[in-house]
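Take a look at the structure set out below.
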Amino acid sequence: MPKNSTAKTIADLKGKKVAYIKATIAHYFLIKMLKEVGLTLKDIDAIALSISDGLSAFRKGDLDG
C-alpha cells in the first residue's frame, strides 16, 4: 500500500481504491485476501488496470492499494 494510504491492513481497504490486473495471480490473491477478512471485490473500489497504468496511479497516490 502507498505510504500516504490510510489503509494499513487488508480489512482497511473496505471502500478504498484498489487496483489489480484482471485474470492474473494478483487478481486471485486480492480476492483470497479479501475473503480471509470477510470482504469481497464489491466491498472495495476495485479498479482493473494494466501494469503501466497501475504503476502510474500507484506512484501518483491515486490508489489505496
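We're numbering straight along the sequence, starting at 1. Computed from a predicted structure; not experimentally measured.
A distance of 11.0 Å separates NZ in Lys8 from CG in Leu13, rounded to the nearest 0.5 Å. Atom CD1 of residue Ile25 and atom NE2 of residue His27 lie 11.0 Å apart, to the nearest 0.5 angstrom. Of the inter-residue distances, the one linking Leu63 atom CG with Tyr20 atom OH reads 12.5 Å to the nearest 0.5 angstrom.
A donor and an acceptor atom, one from each side chain of Ser56 and Asp53, are nowhere located under 3.5 Å apart.
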(request) Please test Thr40 against Leu34 for side-chain contact (heavy atoms from CB on, under 4.5 Å), starting from the C-alpha separation and ending with a verdict. (result) CA-CA 6 Å; Thr40 69; Leu34 290 170; 6.0 Å; no
(request) Report the C-alpha distance between Leu30 and Leu41 in whole Å, list the side-chain angles of each, state the deciding distance to 0.1 Å, and finish with yes or no for side-chain contact (heavy atoms from CB on, under 4.5 Å). (result) CA-CA 8 Å; Leu30 173 60; Leu41 285 177; 3.8 Å; yes
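Following chains of ILVMFWY side-chain contacts shorter than 4.5 Å, one cannot reach Leu49 starting from Leu55, and the two form parts of different hydrophobic clusters. One hydrophobic cluster holds both Ile31 and Leu39 under the rule that ILVMFWY side chains link at heavy-atom gaps under 4.5 Å. Connection of Tyr28 to Ile21 is not established within any shared hydrophobic cluster, with ILVMFWY side chains joined at heavy-atom distances below 4.5 Å, either directly or through further cluster members.
No more than 12 heavy atoms of other residues, nucleotides or ligands shown are found within 6.0 angstrom of CD1 on Ile51.
A donor-acceptor distance shorter than 3.5 angstrom exists from the side chain of Asp64 to the backbone of Lys17, with no hydrogens or angles considered.
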